[in-house]
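Chain identifiers are assigned alphabetically (A, B, ...) following the order of the sequence lines, protein sequences preceding nucleic acid strands; residue numbering begins at 1 within each chain.
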Amino acid sequence: MDKPKSEAHARIFAAIAAIPHGRVASYGAIAARAGLPGRARLVGRALGEVPDGMELPWFRVLRSSGQIAFPPGSRGFKEQSKRLKAEGVEVKNGRVPLATFGLDADLDRALWGMPG
DNA sequence: CTACTGACCGCGA
DNA sequence: GTCGCGGCCAGTA
């Protein structure tokens, strides 16, 4: 069978689902892990296409600077920050210190088996 | 077909 | 910290 055009979606979702509890990852990292290096936008699009009710830690996905992708005050922003805090992730001014909660090279390798 | 937009990224100044 | 530029893919007008 032919590969569905949503294969990228599936890979992205899988990569997001692989983020451990209490940790976060950037769009670029997800895209790279999904086999789509440089397609960070695709990740953003995919997240916008996530069906409501689907079990996916979308809130663990942040920008490369640790900033929440949603505009401050918006529904998604509140929801994401709230969920992150609920997991023990420090959200300050709509931003998360990736240096602390981001996936380290070791952990990243342990999770996704990237050579190092 | 072109043009614009979007839960983006990285570099340079 | 800011701003600008190019690149990337998909949907819409």
Quick one: A:E49 CD to B:dT5 P, roughly how many Å, whole number?
20 Å
Does the side-chain contact (heavy atoms from CB on, under 4.5 Å) test come out yes or no for A:V43 and A:L36, once each step is laid out?
CA-CA 9 Å; A:V43 176; A:L36 309 163; 6.0 Å; no
Taking only heavy atoms on the protein side, list every residue of residues 86-94 of chain A lying under 4.0 Å from any atom of DNA chain C, sorted numerically.
none
Side chains of A:L47 and A:I16 in contact at under 4.5 Å (non-hydrogen atoms)
yes
Heavy atoms only, 4.0 Å cut-off, all strands: where does A:G76 land among base, sugar-phosphate and nothing?
nothing
Which is it for A:R83 and A:E87 under the salt bridge (Lys or Arg N to Asp or Glu O under 4.0 Å) test, yes or no, and what are the steps along the way?
CA-CA 7 Å; A:R83 285 192 179 244; A:E87 292 198 346; over 6 Å; no
Closest heavy-atom contact between A:R63 and A:L98?
O-CD1, 4.0 Å
What nucleotide among B:dA7, C:dG1, C:dA10 has an atom nearest to a side-chain atom of A:R95?
C:dG1
What distance, rounded to whole Å, do you find between the two C1' atoms, one in B:dA7 and one in C:dT2?
23 Å
Let me know the distance between CD1 of A:I16 and P of B:dC8, rounded to the nearest Å.
13 Å
Correct closest heavy-atom pair for A:Y27 and A:A69 would be OH-CB, 3.2 Å
Any A:R41 side-chain N or O less than 4.0 Å from OP1/OP2 of C:dC9:
no
In whole angstroms, the gap separating P of B:dC8 from CD1 of A:I68 amounts to 12 Å
Side chains of A:F70 and A:K78, heavy atoms from C-beta outward: is any pair under 4.5 Å?
no
So, OP1 or OP2 of B:dA7: does either fall under 4.0 Å of a side-chain N or O from A:S74?
no
How close or far is atom C1' of C:dA10 from atom CG of A:L42, stated in whole angstroms?
8 Å
Measure the distance from CZ on A:R45 to C1' on B:dC9 and round it to the nearest whole Å.
18 Å
Considering only B:dA7, C:dG11, B:dC8, which nucleotide approaches the side chain of A:R63 most closely?
B:dC8
A:R75 CZ to B:dA7 C1': how many Å, rounded?
15 Å
Taking only the side-chain nitrogens and oxygens of A:S64, find out if one of them lies under 4.0 Å from OP1 or OP2 of B:dC8.
no
Measuring only between side-chain heavy atoms, which start at C-beta, is A:I68 closer than 4.5 Å to A:L62?
yes
Counting only side-chain nitrogens and oxygens, does A:R39 get under 4.0 Å of the OP1 or OP2 atom of C:dC9?
yes
Nearest-angstrom distance from the residue atom CD1 of A:I12 to P of C:dC8:
17 Å
Whole angstrom is fine here: how far is it from OH in A:Y27 over to P in C:dG7?
23 Å
